[in-house]
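One-based numbering, in listed order, for ligands and for the atoms of each. The first residue of the sequence shown is numbered 1, and numbering continues consecutively from there.
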Amino acid sequence: MVIDQKLQKAEEAIKKTTQNINPRYRLGYHIMGEGNWINDPNGLVQYKGEYHVFYQHHPYDENWGPMHWGHVKSKDLVNWEYAPIALAPGDEYDRDGCFSGSAVNNNGELTLIYTGHNYINQEEDTFYQTQNIAVSTDGVVFEKVGQNPVIAHPPEDSAHHFRDPKVWKHNNQWYMVVGNSTKDQTGRVILYKSQDLRKWEYVGVLAQSDGTLGYMWECPDFFELGEKHILLISPQGIESKGDDYNNLFQTGYFVGEYDYEKNEYEKGEFLELDHGHDFYAAQTLVDEKGRRIVIGWMDMWESEMPTKQDGWCGALTIPRELTLGKNNAVSMNPIDEIVELREAKSVELENKSISDYHLAKENSSLLEIKAEFDLTDCKAESVGLTIKGVEEEEVVITYHIRDEKLSLDCSKMGKKEDGVRTTELVNDGKLTLRIFLDRSSIELFANDGMKTMTSRIYPNEERLGLMCFANKGEVNVKEFTYWKLKDIWK
Ligand code: FRU
């Protein structure tokens, strides 16, 4: 096999940057690049006994630039190791970037399907995008195929946005959804089919914005969950409305029924998948256990990213299992294996009433926290949990009992004026909070994943503790437990 010079150069660049990284905000159990910039998760797949996750990567700089595909793999979805960079741009169909895409196991051949980004005029941001393929038989070294681009142009009625192919197999036929925009700037997802992953036939539009859901739908994913079909998308251009759509862009989904014969998708309303500040471009895989697992990019375009000063930028969420919950809403919970991160356990409260607060003096930065509050006959106005840093630093999670609203306030830990996110959460008699805290992130799973909130935070290394609280009344705390978590990168 010919050694790919572009990949070799990228690999050398990334190895060099790892020597100059300031570790203060490096995460302990999340996927990050070895150094420099990463964004979307790509090509989630289980192949020959290992889980593979690729990601959008710029190995030469801490800012976004010509996209490569970085690569990590794992036997258990918990402990990850780096593999060599899988794709580098620079061929005539992907001159300026190997953009997001997916992966499938095609009879033992691991196939990556990705977007080639090509500028017409970079200053004016005019470009065209193509769909391409690269294959591997060992899951480590990939070769772009001679038939590229396998889709050279979007359909006639389309704008130049044409990216992020997600491929799956149904009844012996390959299908691909692609993020797209109409000529008049309406976000939509279009569908293709193929017998061999090389020749693709355009089927038509799978779903399109009704005018309120943005100008471009990025990173589509389409899959069965329970009896339903879920269309996951990351639209650009939705206006914020009350508690909803307050990030620059957001990832969300529709629940519906799909008819493959007629390409008809009947769907409900668009719902945000996560309600924190930093969750975008999420993608899923179905594993051999039949679980639908999702991973998101744990940042947001144009937000403050102080780790750039430290020589790296961007991370992915912990893997989460998707299930269809009550009222046909999708729930997200950490995959079961995540408990393998647990080290020392501390039980702080068990079936005990508090009327102000209880402080657990714990200064570790890598923690899983579980708190359960009994809300039957609870007279308090609000209850919750605070992560106390030093001086004024804190992150506050509050459940406002009467309003049935859950909020995450990171304004005193790195988010400043736009620090609060709020979402509805029905009061069904108890509140459970499961929290994963890392050196620069917080992931909150409330009421068994009915609502999740994910945000990056940037605290001092020093922390005071964890505080469980009740405002203006008493609450029975059924459980307040935490575990120190292992650092998988050390
Ligand atoms: C989403 C996205 C994708 C694109 C990639 C480029 O965050 O804009 O649409 O493929 O990032 O890095």
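Taking the salt bridge (Lys or Arg N to Asp or Glu O under 4.0 Å) definition, one finds that Arg163 meets it with Glu218, sequence neighbours left out. Every salt bridge (Lys or Arg N to Asp or Glu O under 4.0 Å) that Glu11 has, sequence neighbours left out, goes to Lys15. The side chain to side chain contact (heavy atoms under 4.5 Å, CB included) search around Thr212 returns Asp210, not counting sequence neighbours.
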Hey, what polar pairs (N/O, under 3.5 Å) does ligand 1 make with protein?
| from | atom 1 | to | atom 2 | distance (Å) |
| --- | --- | --- | --- | --- |
| ligand 1 | 7 (O) | Asp40 | OD1 | 2.8 |
| ligand 1 | 7 (O) | Asp40 | OD2 | 3.3 |
| ligand 1 | 7 (O) | Trp301 | NE1 | 3.0 |
| ligand 1 | 8 (O) | Glu218 | OE2 | 2.7 |
| ligand 1 | 9 (O) | Arg163 | NE | 2.8 |
| ligand 1 | 9 (O) | Asp164 | OD1 | 3.4 |
| ligand 1 | 9 (O) | Asp164 | OD2 | 2.6 |
| ligand 1 | 9 (O) | Glu218 | OE2 | 2.8 |
| ligand 1 | 10 (O) | Ser100 | N | 3.2 |
| ligand 1 | 10 (O) | Asp164 | OD1 | 2.6 |
| ligand 1 | 11 (O) | Asn39 | ND2 | 3.4 |
| ligand 1 | 11 (O) | Asp40 | OD2 | 3.1 |
| ligand 1 | 12 (O) | Asn39 | ND2 | 3.1 |
| ligand 1 | 12 (O) | Gln56 | OE1 | 2.8 |
| ligand 1 | 12 (O) | Trp64 | NE1 | 3.0 |

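A centroid separation of 6.0 Å or more is found between the aromatic rings of Phe54 and Tyr114.
Judged by distance alone, the side chain of Lys451 and the main-chain N or O of Glu424 form a donor-acceptor pair under 3.5 Å. Formation of a donor-acceptor pair under 3.5 Å by the Glu62 side chain with backbone atoms of Gly35 is not found in this model.
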